[in-house]
Structure formats: structure tokens, C-alpha cells
Protein chains: 2
Amino acid sequence: MTQTIHNRAAAAGLRMTAPRRVIARVLDAADDHPDAEALHARAAAIDPRISLATVYRTVKLFEEQGILEKHAFGDGRARYEAADGGHHDHLIDMATGQVIEFVDPEIEALQEKIARRLGYRLIGHRLELFGERIED
Amino acid sequence: MTQTIHNRAAAAGLRMTAPRRVIARVLDAADDHPDAEALHARAAAIDPRISLATVYRTVKLFEEQGILEKHAFGDGRARYEAADGGHHDHLIDMATGQVIEFVDPEIEALQEKIARRLGYRLIGHRLELFGERIED
DNA sequence: ATAGCTGCAAACCTTTTGCAACCAA
DNA sequence: TTGGTTGCAAAAGGTTTGCAGCTAT
């Protein structure tokens, strides 16, 4: 982890109130891609007074600061992860739902090329692979 | 268009009732990626008795038959397009929201390779590029 | 005192579903 | 007659918001 969510949020000028500190801490501790409800459950385990509404408001705030990334893996709800500066894509295990992160410079370059060919400057992208584990 | 939605639905054994025929016709005529509400509006323009619920039930049916593809472009609602058998990805114009389709064999192959490297067999993927038009 | 933050509950939006009527086989 | 289909309205699931109270400056 380059830097904690908490530090980056504070550096961005956000008032780090008690609920926000708890939520930041939960996000820092997460090595998965929790949804709002999961974040709320984990935060409420630390301080039960924290509401789901505050979780939603806080993740939106962090997202606006570029501290957090919001993903929509097609299951209806949004899932979150710390933005590590470096970009990466996702491979989703179709059997378990587990999300694996990867980076591939070659595919990044190829996307730029495709966009340019279509007359566009590439601003962002979303790539998700769906696969099943190869047993050997 | 290889074959109409209507024909493929009938071939799949679906009872092509009047509402389903209208919805199929709307889908065949669409060259964009309409959401459920847009489909309903277009269908209702042909037969005002068609309900939104029927649109949802029908697109789900078509999707289950592999006749229709459901996309989630991150704007909260699902958007639909005829499955043309051949696969393609999307580039979304960030200024206009316009969706451009493309195919790139090189990127397809690269994805297979990445999945394999991670120990997975690639079942499917989703690739969306977000860009802005280059004015010259 | 003031501006911003919070919890609660209500509202919102998209999608799904229970139900009674309806239609085709 | 029987099972699938439809419209309507209600419900569901995820997310946002109005409001009154609270907290930190």
C-alpha cells in the first residue's frame, strides 16, 4: 500500500471525522472489493452508530477525490477499492466471484491504438475478464 | 443484419405474441443501445397497450435465448442490443454518450493469453473504452 | 455562531413479481 | 380446459436526499 486512504483524504482537505476515519480504516484493511453494505457492516462492527447513508456519502466523497474507485461488476450493486494510483484491470472467477487484479502494458497500449484508429483520444477504459480456473 | 430478432426468437420456440412481435421489431429497427424505458416508449408508439413489465419480461426472455445482449455501461440502467453472433466491444464517446462498436482480433487474443497466464480459461469479457473525439 | 456532518426515514430509480384477467392451443 | 402471457400495481433492491440535531471550529 503506497499510502493510506486516511492520509490521502486528509491531504485532500477533507475533514476526517470519526465516521470517516472508521470507513477509511475499513477500506485500508480491505483486500477485496466490498460493496456499500459490506463496508457498512465492517464499519458498524467498529462503531455501531455509523449509518449506511454515511457510508454512501463518504465513498462518494473519496471517489470524487480520486482516492477510491467504484466498480460495477454487473451484479447490480457498486463495489469499491482503494485507487492505488497505478491502474489495473480485473479477472472475475465465475465459480467463486473472486476478483483478481492484473496489469498488462501491452493491452493498455493496444487500447490507445484502437481508440486512435476510431478517431478518439482514450480517456479511460474498463476491462473485465470472466474465466474459470484451469485445474491440472 | 444476419437474421431478425423475430425469426431467431420464433426458431428458439418462443411464442411470438403481439407484444413480443412489436418489441422484436423495435429491437430490429434500433441501431443504438436503448434501455428498457426507451424500448417501451418505441413499442408503445406502435401499440400503446404494451406495458413496461412486458418489455422487461421479453428482453429477459430474448437474453436467455442468446438473441439479445444486455450491457451495463455504468449509468445505472441496462441497455440492450441484438446479439449478432459475432462479438464486439464498445467505445463510448464521453461527450455525447454515443456508443461505437469495434472488433480487434489482436486484443481478443491478448485477453486469452492474460487469462491463461493467471491460470484461467477465458469464458467471456467486457471491454469498454471511454474517449473523446479528436478534432482536426 | 456558523458551517459542515450525521442518523433516520422517506424518496428515488430501475427492475421484478403477485395477481386476476386473457388468450391460444 | 389448461398453461402461458399480459397489464396493473405493489414490492424489491440499491442509492440518494430532506431534515432536524449535533459537532467542531
Side-chain angles (χ1 to χ4, degrees), chain A residues 5-6 9-27 33-65 67-81 97, chain B residues 5-6 9-27 33-65 67-81 97:
Chain A
I5 298 258
H6 178 111
L14 294 183
R15 267 176 62 184
M16 289 309 281
T17 61
R20 290 184 186 169
R21 258 195 306 276
V22 170
I23 294 166
R25 176 174 148 194
V26 163
L27 285 165
H33 300 68
D35 59 27
E37 204 181 328
L39 289 175
H40 178 235
R42 295 175 201 180
I46 298 173
D47 180 349
R49 288 168 309 176
I50 293 173
S51 74
L52 182 55
T54 294
V55 170
Y56 274 111
R57 285 192 270 237
T58 302
V59 293
K60 173 173 285 185
L61 221 52
F62 288 175
E63 195 201 348
E64 284 165 2
Q65 295 301 329
I67 296 170
L68 204 60
E69 274 172 25
K70 182 181 182 177
H71 299 289
F73 295 135
D75 51 351
R77 63 209 133 160
R79 300 171 65 180
Y80 300 89
E81 77 176 309
Chain B
I5 298 256
H6 179 110
L14 294 182
R15 266 175 62 183
M16 289 311 281
T17 61
R20 290 184 186 169
R21 258 194 306 275
V22 171
I23 294 166
R25 175 173 149 196
V26 164
L27 285 165
H33 299 68
D35 59 27
E37 205 182 326
L39 288 176
H40 178 234
R42 295 176 200 179
I46 299 173
D47 179 348
R49 288 169 308 176
I50 293 173
S51 75
L52 183 54
T54 294
V55 170
Y56 274 110
R57 285 192 271 238
T58 303
V59 292
K60 174 172 285 186
L61 221 53
F62 289 175
E63 195 201 347
E64 285 166 0
Q65 296 300 330
I67 296 169
L68 203 61
E69 273 172 26
K70 181 182 184 176
H71 299 289
F73 295 135
D75 52 350
R77 62 209 131 160
R79 300 171 64 180
Y80 301 89
E81 77 176 310

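All values below were derived from every heavy atom in this structure, side-chain atoms included, with hydrogens, water molecules and symmetry-related copies excluded. The chains referred to below are lettered A, B, ... by the order of the sequence lines, with proteins before strands, and numbering in each begins at 1.
- Contact record, B:I23 with B:V55: CD1-CA, 3.9 Å, taken as the closest heavy-atom pair.
- Applying the 4.0 Å criterion to OP1 and OP2 of C:dT15, one finds that B:K60 has every side-chain N and O outside that range.
- The phosphate of D:dG7 has neither OP1 nor OP2 within less than 4.0 Å of any side-chain N or O from B:R49.
- Atom CD in B:E69 sits 12.5 Å away from atom OH in B:Y80 (nearest 0.5 Å).
- Here D:dT15 presents its C1' atom at 8 Å from OH of A:Y80, a figure rounded to the nearest Å.
- Across C:dT6, D:dT17, D:dT6, the shortest atom-to-atom separation from the side chain of A:A53 is found for D:dT17.
- For A:R21 and C:dC5, the CZ to C1' distance is 13 Å, given to the nearest whole Å.
- Atom CG of A:L52 and atom P of D:dG13 are 14 Å apart (whole Å).
- For the atom pair CZ of A:R57 and CZ of A:F62, the computed distance is 14.0 Å after rounding to the nearest 0.5 Å.
- The side chain of A:R20 sits closest to C:dT6 out of C:dT6, D:dG7, C:dT14.
- Rounded to whole Å, atom P of D:dT5 lies 11 Å from atom CZ of B:F62.
- Across C:dT15, C:dC8, D:dG7, the shortest atom-to-atom separation from the side chain of A:S51 is found for C:dC8.
- Within 6.0 Å of the CZ atom in A:R79, the count of heavy atoms belonging to other residues, nucleotides or ligands exceeds 12.
- B:R57 comes within contact range of at least one nucleobase, with a heavy-atom separation under 4.0 Å.
- Here the C1' atom of nucleotide D:dG4 and the CG atom of B:L61 are 11 Å apart, to the nearest Å.
- Distance CG (B:L14) to P (D:dT6): 11 Å, rounded to an integer number of Å.
- The CG atom of A:D47 sits 14 Å away from the C1' atom of C:dC5 (whole-angstrom rounding).
- Regarding contacts with the backbone of D:dG4, every side-chain N or O of B:T17 stays at 4.0 angstrom or more from both OP1 and OP2.
- Of the two residues contacting DNA chain C, namely A:R15 and B:R79, the nearest-nucleotide position lying further toward the 5' end is that of A:R15.
- The CZ atom of B:R20 lies 11.5 Å from the CD1 atom of B:I50; values are rounded to the nearest 0.5 Å.
- Within the structure, a side-chain polar atom (N or O) of B:Y56 is placed less than 4.0 Å from OP1 or OP2 of C:dT15.
- Rounded to a whole Å, the CD atom of A:E64 is 13 Å from the C1' atom of D:dT16.
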